[in-house]
Amino acid sequence: MRKQRLVILGYGQRGSIYARYAIDNPTEFEVVAIVENSEKNLVRARQNHKCPIFTDYRDFLKANIEADIVAVATQDADHREHAIACMEKGYDLLLEKPIANNIEDCEAIYEASVKYGRKVIICHVLRYTPFYRKIKSIIQSGLLGDIVTVTASENVGYYHQSHSFVRGPWRNKEIACPMIVAKCCHYLDILRWLIGEKCQKVSSMGTLSHFTEKNAPEGSTQYCTDCKVENCIYRAKNVYQEWKWMRGYFCTDVYDDEQANELLRYSQYDKCVYRTDNNVVDHQVTTFQFDKNITAMHSMTAFSKEVYRDIKIHGTKAELVGSDMGKPVLEVRVFGGETITYDFSDANLSGNHGGGDVGLMHALYLERNGVAVDGLTYIDVSIDSHRMAFGAEQSRLEGKVIDIK
Ligand SMILES: NC(=O)c1ccc[n+]([C@@H]2O[C@H](COP(=O)([O-])OP(=O)(O)OC[C@H]3O[C@@H](n4cnc5c(N)ncnc54)[C@H](O)[C@@H]3O)[C@@H](O)[C@H]2O)c1
């Protein structure tokens, strides 16, 4: 099979994961160019790769680099410009999710993929995890009978919510896409894929209940650094001590505790979770109606101890119950029959997203070499899950059921 020539557009947190995969799997991918415009990440790119590096994507396009795929891993708001320009030039894309941060841009990227005849694979990494692939294969085997209804819960984790959706880049609807898109589009993509039918209608309710000033503890201050409320579970220094990986947002490549704490002091991530400029929801419940009268319910909550997802799929012959927390748990309870438990002890769950990042890259390599890979996240299905997500947000804001295109 042929090694794939990969370009990274945006060598940040996500782009560098895909570039790293190429270093670790040199028979599958070779990074042939990087486009990055921040000094900090350019230094890392130059340290790790010997390929041509561009600071402006237009210069990359003019350079006529021979490549098989461009990974667009810049921020959501830039996807439309970067994705369409690369497709117009003739490149196929690995495009980070969400496709874009508003539905108009998502549709424009989708239309451009049709117009230029380009393949676009969306980085819905959950689809490549052993857990969800197993669920899909169980459905395809017919063991559940016909799917009637699905219940899914997305437990964001109190600390992860505080980091990404209260203090971090996705905290405010003026600067980011809605929670149901930013966080939940992965799970909506899973629902759309597992159910295998188009969604017709959506309704949704949810609010920001807890992370508001009225819930601030007495005596708390604007920044945790000055705060005397010692037992607050959101105290920044403690949060970033326990979950060090989240420090990457304010101190890339610096993991020394003392330096990290210095950079944290009075930064955006040191802000009191009850006193910042966040306005995205911390809980949201959404219901969907698919073709064939299949229904689904998705519930997102900030308030869980760990980050995990639960799923129940009720078919006409059996119910499937699963949870992807840590080591996944999955069983099928056959009506009038046995209960089958599935074991993931041999599955490759390494890396981020329960094995999803490496699973995506390997599937991409196979697909580019003409091997049929079931369930690749092409834009023509992923656009549906984005329509579901933006429809849910419209429903939440307008208080009515929304028809999906
Ligand atoms: N698939 C997933 O599970 C997942 C998880 C987190 C984030 N994301 C998505 O991945 C994308 C990137 O997120 P991230 O966390 O890696 O962000 P990031 O800020 O770490 O990375 C973006 C990179 O793009 C660079 N950049 C920005 N504008 C540029 C330009 N005009 N030219 C060249 N480089 C430019 C930035 O300097 C940065 O290095 C976003 O769309 C985000 O929503 C996906």
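This chain uses plain numbering: 1 for the first residue, then up along the sequence. Values reported hereafter were calculated over all heavy atoms of this structure, with side chains retained and with hydrogens, waters and symmetry mates removed. Whatever order the structure lists them in is the order used to number ligands and atoms, beginning at 1.
The residues D257 and R247 are annotated as salt-bridged, a charged nitrogen and a carboxylate oxygen being separated by less than 4.0 angstrom. Using a 4.0 Å cut-off between a side-chain N of Lys or Arg and a carboxylate O of Asp or Glu, R5 and E30 do not qualify as a salt bridge. Salt bridge annotation for D68-R368: absent, with no cationic side-chain nitrogen under 4.0 angstrom from a carboxylate oxygen.
Taking every heavy atom of P98 and a limit of under 4.0 angstrom, the matching atoms of ligand 1 come to 43 (O). Close contacts between ligand 1 and H79 involve ligand atoms 41 (O) [criterion: under 4.0 Å to a heavy atom]. Which parts of ligand 1 touch Y11 is read off a 4.0 Å heavy-atom cut-off, strictly below it: atoms 39 (O).
Comparing heavy-atom distances from atom 26 (N) of ligand 1 across N37, L9, D76, I34 singles out N37 as nearest.
A ring-centre distance under 6.0 Å is found for F303 and H210.
Look at K40 and you'll find every heavy atom at least 4.0 Å from all atoms of ligand 1. Using a 4.0 Å cutoff on heavy atoms, H82 counts as a contact of ligand 1.
An N or O contact shorter than 3.5 Å links E36 to ligand 1 by distance. Residue T74 has at least one nitrogen or oxygen atom sitting less than 3.5 Å from a nitrogen or oxygen atom of ligand 1, judged on distance alone. Where the criterion is an N or O separation shorter than 3.5 Å, residue side chain and backbone included, Q13 meets it with respect to ligand 1. For W170, no nitrogen or oxygen atom sits less than 3.5 Å from a nitrogen or oxygen atom of ligand 1, counting backbone and side chain alike. Residue C123 places at least one N or O, backbone or side chain, under 3.5 Å from an N or O of ligand 1.
By the criterion of a heavy-atom distance under 4.0 Å, both the backbone and the side chain of K97 are placed next to ligand 1.
We find the CD-OH distance between E28 and Y21 to be 3.5 Å, quoted to the nearest 0.5 Å.
Two residues are said to be in side-chain contact when any heavy atoms from C-beta on lie closer than 4.5 Å; Y266 and D226 meet this criterion.
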